[in-house]
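A quick write-up on the structure given underneath.
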Amino acid sequence: MTEFVFPPAAVPSIAVAGQSARFPVRRIFCVGRNYAEHAREMGNDDRDPPFFFTKPADAVVDDGAHIPYPPATSDLHHEAELIVAIGIGGANITVADALAHIWGYAAGNDLTRRDLQAEAKAARRPWDMAKGFDASAVIGALRPVDQIGHPAAGAITCTIDGAPRQAGDIADMIWSVPEVISYLSALVTLAPGDLIMTGTPAGVGPIKPGETCRVEIEGVGSAEVRIG
């Protein structure tokens, strides 16, 4: 048995719908600008090659959580996203084989310190502190593939205290889920427990203290968080 100098942290995990067992999280990969309207609202071309950033696994927050407003920002934004959970790892996965590597899907919210991101972009610096801060990955209960299949279309929405903010369809992704998995697996070897946040539609905007933000994806589920 391996001996550690202090007890290791608990394994981050997310809920599975209808099960007491939870899905262990290894890594969180995020696709940038994967919806054409959002790419345009951020001042970019529609179909740039996909690019990725990461969040730490322990940034995961369960559906229904109440979290503090994060430090070092005055412009916290919501980003509604479809989450893909990898169940079978691999490298250089083909587009045709990619769906076989998926364990399940969930709704999620890529919380973003937009002011820090803007500063990083202007200085040509990494986005890490704009995206990978504590409690920045809100993820609802996973639904296994054997229950819902592979959703390729369906409404994705975000509301703040019930008021509409984002509305799109996951069919409008620039890069499909199989394409994203194939491209990413050529950069890193994927492993069971990896999550992919697949990008957000247009309409991203601020969340203020005291507000509740809810993401829903038709046929997949929801993820709600209250900001302290």
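Just one of Glu81, His78, Gln166 meets the side chain to side chain donor-acceptor pair (under 3.5 Å) condition when paired with Thr200; it is Gln166. Ile196 pairs with exactly one of Val31, Ile102, Ile83, Leu82 by the side chain to side chain contact (heavy atoms under 4.5 Å, CB included) rule, that one being Val31. Across Val61, Val25, Asp63, a single residue satisfies side chain to side chain contact (heavy atoms under 4.5 Å, CB included) together with Ile14, and that is Val25.
A donor-acceptor pair under 3.5 Å links the side-chain atoms of Glu179 to the main chain of Ser176, judged by distance alone. The main-chain N or O of Met129 is found under 3.5 Å from a side-chain atom of Arg113 such that the two form a donor-acceptor pair. Between the Ser13 side chain and the Arg22 main chain, no donor and acceptor come within less than 3.5 Å of each other.
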Practice item. Might you work through the side-chain contact (heavy atoms from CB on, under 4.5 Å) test for Glu79 and Arg114, ending with a clear yes or no? Key: CA-CA 11 Å; Glu79 295 193 5; Arg114 190 70 74 201; 2.7 Å; yes
Review point. Given Trp127 and Thr112, is the side-chain contact (heavy atoms from CB on, under 4.5 Å) satisfied, shown in steps?
Key: CA-CA 10 Å; Trp127 295 1; Thr112 302; over 6 Å; no
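Between Tyr183 and Trp175, the ring planes lie tilted relative to each other; the angle falls in the 30° to 60° range. Aromatic ring orientation, Tyr105 versus His150: perpendicular (interplanar angle above 60°, classes split at 30° and 60°).
At least one side-chain heavy atom of Ile170 sits less than 4.5 Å from a side-chain heavy atom of Pro151.
The cationic group of Lys55 does not satisfy the cation-pi geometry with Phe29, failing either the under 6.0 Å distance to the six-membered ring centre or the 45° limit from the ring axis.
Residues Arg214 and Ser222 have side chains that bring a donor and an acceptor to within less than 3.5 angstrom of each other.
In this structure, CG on Asp172 lies 7.0 Å from OH on Tyr35, to the nearest 0.5 angstrom.
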